[in-house]
Each structure stands twice: as C-alpha cells, then as structure tokens.
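Comments concern the structure below.
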Amino acid sequence: QVELVESGGGLVQAGASLRLSCAASGRAFSDHVIGWFRQAQGKEREFVAAISRTGTTYYADSVKGRFTVSRDNAKKVATLQMDSLKPDDTAIYYCARSPRTAFFVTTDYVASQRTYDTWGQGTRVTVSS
C-alpha cells in the first residue's frame with residue numbers, strides 16, 4: 001500500500017520561497033500522476049499543480065510562473081518549489097497520487113480531485129504580509 005508524506009511547510013513572509021516534498025512509500029510511483037492541492041481555511045480544496053508520468057507539468061493560473069513541480073522517480077519523491085509567495089498562498093498543501101495512468105493525460109484529469117486515490121496528510125504553509 002502506498003503512503004504519501006508531505007514535508008517542508010512553514011511560516012514565511014511574503015516574497016519568500018518554500019520547497020515542499022512528497023515522499024512515497026511502496027512500490028508504485030513512476031506510472032502515476034502526482035498532484036498538489038491546497039485548502040485554505042474556510043475554502044474548498046483546490047488544484048495547485050501536477051506532474052504526469054512523462055514529466056509534463058500543469059499549474060493553476062494562480063500559481064503559474066511562481067510554483068514549479070518536479071519528481072524524482074528513483075527516489076519516489078515529488079517536490080513543489082514555491083517562489084514569490086503571497087498571503088493568498090496560505091493553506092494546507094496536500095500531495096496526491098493517481099491510479100496508474102496512460103502516458104498522456106488531460107488538464108481536466110490532473111486537476112480533478114476525483115482522479116486521485118491516495119492522499120498525504122498535508123503540510124501547512126503560512127505566508128505573512
């Protein structure tokens with residue numbers, strides 16, 4: 001059974017950077033989409049970024065140009081580099097893994113929470129103004 005563990009959250013000032021990691025246990029990692037979502041207090045969980053099994057990346061408009069998602073299949077780790085952080089980025093960040101997927105997936109597929117069957121426990125990111 002695969003487990004996902006996020007780390008790297010914290011409290012930073014606006015304009016700073018943070019690097020979140022998502023470490024997977026278990027055998028399966030490389031054949032799956034890894035997605036990042038976030039949930040701010042009082043709001044619904046929303047898509048942030050994703051990376052397919054081929055390394056294609058996808059971003060929400062709100063983070064495009066500031067966040068970078070990557071993966072290291074050998075280490076079974078995905079990362080979310082977050083630069084130029086804003087107070088609006090304050091949230092709990094979750095990584096998630098899809099079931100085994102085809103090589104090519106659509107933006108709608110990776111952005112839907114229903115795509116993912118394994119979720120981490122979340123890591124809190126707080127950005128002060």
Side-chain angles (χ1 to χ4, degrees):
Q1 185 171 350
V2 175
E3 289 188 346
L4 302 175
V5 178
E6 301 96 336
S7 62
L11 170 63
V12 297
Q13 290 188 330
S17 298
L18 277 175
R19 186 177 181 88
L20 305 184
S21 294
C22 174
S25 62
R27 296 193 314 179
F29 185 81
S30 61
D31 295 345
H32 305 258
V33 176
I34 301 298
W36 287 92
F37 292 78
R38 67 187 181 186
Q39 186 167 21
Q41 190 170 4
K43 296 185 178 181
E44 294 187 354
R45 189 160 54 185
E46 64 176 3
F47 170 73
V48 174
I51 184 165
S52 74
R53 60 183 291 185
T54 62
T56 302
T57 56
Y58 307 79
Y59 299 97
D61 288 344
S62 60
V63 307
K64 203 171 293 183
R66 300 188 298 122
F67 290 12
T68 304
V69 61
S70 60
R71 66 191 298 163
D72 184 331
N73 290 332
K75 295 181 179 179
K76 294 191 289 185
V77 173
T79 60
L80 183 67
Q81 177 68 39
M82 306 187 296
D83 299 319
S84 302
L85 282 162
K86 305 175 182 180
D88 284 349
D89 296 318
T90 296
I92 298 175
Y93 284 71
Y94 301 88
C95 67
R97 191 206 71 159
S98 74
R100 191 172 183 270
T101 67
F103 281 105
F104 301 105
V105 292
T106 66
T107 301
D108 286 345
Y109 178 83
V110 303
S112 171
Q113 295 182 53
R114 289 193 293 267
T115 292
Y116 302 89
D117 61 1
T118 304
W119 292 80
Q121 84 290 347
T123 185
R124 184 178 298 275
V125 172
T126 304
V127 184
S128 64
S129 57

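Keep in mind that what you see is a predicted model, and the values were worked out from it rather than measured.
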Side chains of Asp117 and Arg97, heavy atoms from C-beta outward: is any pair under 4.5 Å? yes
Answer yes if Tyr93 and Val12 sit in the same cluster of Ile, Leu, Val, Met, Phe, Trp and Tyr residues linked by side chain heavy atoms under 4.5 Å apart, and no otherwise. yes
Is Asp89 salt-bridged to Lys86, going by a charged N under 4.0 Å from an acidic O? no
Distance-minimising heavy-atom pair for Ala102 and Arg53: O-CD, 3.3 Å
Taking the side chain as every heavy atom from C-beta outward, state whether Gln113 and Tyr94 have any pair of such atoms under 4.5 Å apart. no
Determine whether Met82 and Trp36 satisfy the following criterion, side chain to side chain contact (heavy atoms under 4.5 Å, CB included), listing intermediate values before the conclusion. CA-CA 12 Å; Met82 306 187 296; Trp36 287 92; over 6 Å; no
What are the two closest heavy atoms between Ser129 and Ala14, and how far apart are they? CA-CB, 4.4 Å
Shared ILVMFWY cluster between Trp119 and Tyr109, side chains joined below 4.5 angstrom? yes
Taking all non-hydrogen atoms of both residues, which atom of Ala50 and which atom of Val69 are closest, and how far apart? O-CG1, 3.5 Å
Within the structure provided, determine whether Arg38 and Ser62 are in side-chain contact (heavy-atom separation under 4.5 Å). yes
Mind checking whether Leu85 and Phe67 have side chains closer than 4.5 Å, heavy atoms only? yes
Taking the side chain from Thr115 and the backbone from Val110, do they hold a donor-acceptor pair closer than 3.5 Å? no
Heavy-atom donor-acceptor pair, Lys76 side chain to Gly26 backbone, under 3.5 Å: yes
Compare every heavy atom of Leu20 with every heavy atom of Gly9, then report the nearest pair and how far apart it is. N-CD2, 3.6 Å
When you measure from the centre of the six-membered ring of Tyr59, is the NZ or CZ of Arg66 closer than 6.0 Å and no more than 45° off the axis? no
Let me confirm one number: the CD1-OG1 distance from Ile92 to Thr123, rounded to the nearest 0.5 Å. 9.0 Å
Heavy-atom count check: over 12 atoms from other residues, nucleotides or ligands less than 6.0 Å from Gln39 CD? yes
Would Tyr116 and Phe37 satisfy ring-ring contact (aromatic ring centres under 6.0 Å, His included), going step by step from the backbone distance to the final call? CA-CA 11 Å; Tyr116 302 89; Phe37 292 78; 5.3 Å; yes
Answer whether the closest heavy-atom distance between the side chains of Val33 and Tyr58 falls below 4.5 Å. no
Is there side-chain contact between Arg19 and Thr79, with heavy atoms separated by less than 4.5 Å? yes
Phe104 side chain reached by Ser52 side chain, heavy atoms, under 4.5 Å: no
Hey, does Phe29 have a side-chain heavy atom less than 4.5 Å from the side chain of Ile34? yes
Atom CZ in Arg124, atom CG in Leu11: separation rounded to 0.5 Å? 11.0 Å
Spell out, yes or no, whether Val77 and Leu18 are grouped together once hydrophobic residues are joined by side-chain heavy atoms under 4.5 Å, including indirect joins. no
Side chain Thr57, main chain Ile51, donor-acceptor under 3.5 Å: no
